[in-house]
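Throughout, residue positions are numbered sequentially from 1 according to the sequence presented.
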Amino acid sequence: MRANCKSFYDVKYKFIGHLVEPEEAKYVAAGAATKLNCFCQFCTDGRVLKVANSIKDGTLFCCEKKACQQQRADIVAARRQNTIVSGKGSFAALHPQLANEFLGFVDERHQHLSLAQVPEHCTFDGLWQCQTTTYHQYVLSPSDRLNYGCGFCPGGTQLHPLDSAFHFLKENGWLHYLHEDDIERSKQVRVNTNEPLLHFNCRTCAEARQPSNTYTFAQADGCTQCRGSYQKTITKRQLKKSGSVADNPYLVSTYCFDQPWAPEKYRNKTPPSDVPAMDNRQSYWWRCNSKHFDLRTPLVQSNRRCNKCSSATSKLEHFIYHEWQVRFPDDDIELRKKWKPHDLPKHVKPIHKKTTLEADLIINTFAIEFDGVYFHLTLNNKLSNDQDKNKRLQALGFEVIRIRETGLKTTNKDNSEDPIIEFLDVDLTDHLSIFNKILAVIRPDEAPIDTFRSEKAALQAFLEGKDNNVTSVSELYPELLRYTSHENAKLLERLSKSAHESMEWHCPTCHYIWPQSIRHRMIGWDAGVDSPACCRQTVWTGNSIATTHPSLERLIHPLIWKNHADELGAWQDKWVLVKGQNKAKQTVWLQFELYRIVKKIENSPELVFIKQTNQVRPVITDEQITLYAKDSEALLFDLQTGKIKEN
């Protein structure tokens with residue numbers, strides 16, 4: 001060592017206590033490459049050879065022991081985290097709402113830390129409290145908590161022991177009904193799932209029953225072979241909840257049981273006190289004030305009046321029906337005649353297995369149809385449906401008469417061998433003229449009539465049918481009228497929530513316009529679903545990234561932005577080309593998922609480049625893009641798979 005050079009002993013006096021032989025340091029220069037024998041900083045017996053010029057303030061050196069190596073790694077990680085937190089902020093500062101769900105870190109080495117001391121992408125496992133279910137506590141790192149939630153809740157991949165079928169049966173004292181071979185499997189089955197099925201013994205007769213899910217077993221008092229069957233259990237609960245038919249004045253007055261006016265074939269076997277008023281499974285016989293018998297469920301009967309004298313039957317049909325009964329009482333006449341699919345002969349094929357065949361009016365061997373423009377052109381708009389109905393009525397042995405309003409085309413085909421009797425360009429409000437047209441066909445020997453004898457009875461029957469206890473859509477949901485036009489709002493005043501008519505709906509929030517039937521719109525409205533655009537079910541100009549995130553234009557490739565910006569939503573997981581940096585810090589185009597880009601932009605508005613990570617697909621150079629671009633207008637890039645399409 002030179003005379004004018006300071007020794008390691010003089011300069012690095014802080015580390016003298018770590019040297020095995022401190023006296024040697026007096027003869028070693030401070031910047032020399034001489035190796036010194038040192039004690040481990042974490043234990044007293046371990047020794048380490050360190051080069052003198054590599055020992056600096058804050059250096060950690062340890063022996064080869066696993067415990068010492070772990071302590072050193074923890075200190076290094078803590079220093080790195082403190083550096084990141086001081087620069088970008090802690091997890092608690094960036095995500096205060098999620099920080100309220102944090103209970104603590106799992107590992108003993110990290111339990112002294114809080115979310116205010118770790119960065120956003122910390123990988124230490126922590127314990128979190130579910131906000132939906134109090135006993136759900138799950139393990140996730142803060143980094144994973146940004147993308148995932150509770151794994152025990154429905155839709156998650158984990159099953160909490162308290163959510164299992166085993167715990168449910170044990171709490172209710174039903175575990176002894178479960179077959180012993182399924183006890184262990186029940187610990188891995190969620191309560192309200194349909195599969196896998198478990199084997200139970202009947203709670204009434206103790207006999208083995210068919211495999212079922214836990215929910216079905218809990219609902220039924222016994223199997224289908226004993227008195228406490230599933231259907232009887234449901235009936236008891238419905239009676240307790242909604243009452244019976246006997247408790248409803250309207251239902252009990254129309255229910256056919258043991259009344260003298262009810263023919264034997266229309267009498268129900270079940271007394272009204274045993275029939276739930278809201279039952280929509282079993283059908284029963286009912287009779288209206290006009291002595292029409294109909295088979296339907298109590299729920300349908302409570303919401304609608306008789307089909308044969310309801311508002312579905314027009315005033316014209318009532319006038320023809322009542323006048324014909326008065327003038328020709330011996331004729332076989334029936335209003336709104338229906339044939340269910342199983343009642344049709346084999347040579348008459350039904351439209352659908354659940355669709356009935358209906359005729360507006362039956363007089364002897366004639367089937368009469370009244371066709372208005374609104375239902376047969378505006379809503380239906382299919383001439384083939386009327387032609388198919390003609391064939392089915394003719395196959396049943398009827399001669400078909402069609403009274404078609406002005407504006408409708410003929411249903412007779414040019415090559416038809418058996419044309420029907422048809423009157424075109426008819427004014428449906430001229431009831432007297434239409435009656436004489438029908439009279440001239442069915443009874444050609446009778447003279448035309450000048451006036452109606454039963455006008456008062458027909459009008460009264462029609463008005464009774466109009467007051468049919470059916471609540472319209474506009475009455476049930478007045479706030480829904482702002483979602484449609486003025487013309488459609490008038491239609492909603494006439495139709496019920498189960499109507500199949502389709503119309504255009506206008507969302508007042510996002511101004512999206514979409515067609516949908518009234519029935520499906522009501523189902524979505526009751527479930528709290530707004531327009532498809534607001535629920536992110538469809539992408540249009542109002543919610544596309546071109547409108548919601550115009551700043552992304554500086555990141556996404558110009559050809560993709562030009563051709564697809566109006567077709568992509570910020571929530572979608574489709575792949576796009578993004579301006580980024582590879583590991584060599586070169587500006588390239590990277591394949592990246594759209595929703596991740598939006599998330600990064602929202603967290604860091606000044607972000608210019610996306611760095612290549614494990615979540616980013618391979619780099620695409622400008623030369624490759626030039627090769628795969630067609631006429632500089634459309635990039636051959638699959639947004640779904642994130643791959644370049646070959647020419």
Answer whether the closest heavy-atom distance between the side chains of I401 and E369 falls below 4.5 Å.
-> no

Report the C-alpha distance between L159 and S164 in whole Å, list the side-chain angles of each, state the deciding distance to 0.1 Å, and finish with yes or no for side-chain contact (heavy atoms from CB on, under 4.5 Å).
-> CA-CA 7 Å; L159 176 63; S164 65; 4.2 Å; yes

Looking only at non-hydrogen atoms, find the nearest pair between L393 and A359 and report the distance.
-> CD2-CB, 4.3 Å

Do E405 and T429 come within less than 4.5 Å of each other through their side chains, counting heavy atoms only?
-> no

Mind running side-chain contact (heavy atoms from CB on, under 4.5 Å) on W561 and I545 for me, showing each step along the way?
-> CA-CA 9 Å; W561 184 268; I545 58 172; 3.7 Å; yes

Does the side chain of Y138 come under 3.5 Å of the side chain of R145 through a donor N or O and an acceptor N or O?
-> yes

Would a 4.5 Å heavy-atom cut-off, applied to side chains only, mark D360 and L335 as touching?
-> no

Side-chain contact test, heavy atoms from C-beta onward, threshold under 4.5 Å: evaluate it for T214 versus R190 and give yes or no.
-> no

Test item: H322 side-chain N/O and H318 main-chain N/O as donor-acceptor pair under 3.5 Å | yes

Which atom of D566 lies closest to which atom of A546, heavy atoms considered | OD1-CB, 3.3 Å

Can you tell if the side chain of I333 reaches within under 4.5 Å of the side chain of I362, non-hydrogen atoms only?
-> no

How long is the gap from CG on L424 to CD on E422, to the nearest 0.5 Å?
-> 4.5 Å

Can you tell me how far OH of Y321 sits from CD of E334, rounded to the nearest 0.5 angstrom?
-> 7.5 Å

Does the distance from a Lys or Arg side-chain N to an Asp or Glu carboxylate O, for R336 and E317, drop under 4.0 Å?
-> yes

Has the side chain of R402 got a donor or acceptor atom that lies under 3.5 Å from a matching backbone atom of I421?
-> no

CA sep, side-chain torsions, deciding dist, call: H506, H511, ring pair (Phe, Tyr, Trp, His ring centres under 6.0 Å) | CA-CA 6 Å; H506 307 257; H511 307 292; 10.0 Å; no

Short side-chain to backbone donor-acceptor contact, W128 and L140, under 3.5 Å | yes

To the nearest 0.5 Å, atom NZ of K413 lies from atom CD1 of I420 at 11.5 Å

To the nearest 0.5 Å, what is the distance between NZ (K389) and OG (S384)?
-> 13.5 Å

Show your working on side-chain contact (heavy atoms from CB on, under 4.5 Å) between L590 and L577 and close with a plain yes or no.
-> CA-CA 5 Å; L590 302 174; L577 291 180; over 6 Å; no

Looking at CH2 of W285 and OG1 of T254, how far apart are the two atoms once the value is rounded to the nearest 0.5 Å?
-> 13.5 Å

Matching residue for T411 among N390, D388, D386, D371 - test: side chain to side chain donor-acceptor pair (under 3.5 Å) = N390

Shortest non-hydrogen pair, T297 vs S283, comes out as CG2-OG, 3.7 Å

Ring centre gap for Y595 and W571 strictly below 6.0 Å = no

From W514 atom CH2 to Y483 atom OH, the distance as rounded to the nearest 0.5 Å | 7.0 Å

State, with a plain yes or no, whether a side-chain heavy atom of I434 is found less than 4.5 Å away from one of F370.
-> yes

If you look at every heavy atom in P276 and V245, which pair is closest and at what distance?
-> O-CG2, 4.2 Å

Residue pair D427 / T406, side-chain heavy-atom distance below 4.5 Å | no

Chi angles and distances behind the ring pair (Phe, Tyr, Trp, His ring centres under 6.0 Å) call for F293, W286 = CA-CA 6 Å; F293 292 93; W286 313 84; over 10 Å; no

Taking D247 for the side chain and S244 for the main chain, is one N or O donor matched with an acceptor at less than 3.5 Å?
-> yes

What is the minimum heavy-atom distance between G407 and D425, and which atoms define it?
-> N-OD1, 4.1 Å

Locate the shortest heavy-atom distance separating P298 from V275; write the atom from each residue and the value.
-> CG-CG1, 3.8 Å

Please walk me through it: do Q282 and T270 pass side-chain contact (heavy atoms from CB on, under 4.5 Å)?
-> CA-CA 11 Å; Q282 184 68 32; T270 308; over 6 Å; no

So, do L396 and R392 sit near enough that their side-chain heavy atoms are less than 4.5 Å apart?
-> no

For Q516, does its backbone N or O pair with a side-chain atom of W505 as donor and acceptor, under 3.5 Å?
-> yes

Can you tell me if E567 uses its side chain to pair, donor with acceptor, with the backbone of H564 under 3.5 Å?
-> no

Could you tell me whether a side-chain N or O of S544 sits under 3.5 Å from a main-chain N or O of L568, the two making a donor and an acceptor?
-> no

Is E358 reaching over with its side chain to a backbone N or O of W339, donor-acceptor style, under 3.5 angstrom?
-> no

Between N543 (side chain) and T538 (backbone), is there a donor-acceptor pair under 3.5 Å?
-> yes

Are the side chain of N268 and the backbone N or O of C256 linked by a donor-acceptor pair below 3.5 Å?
-> yes

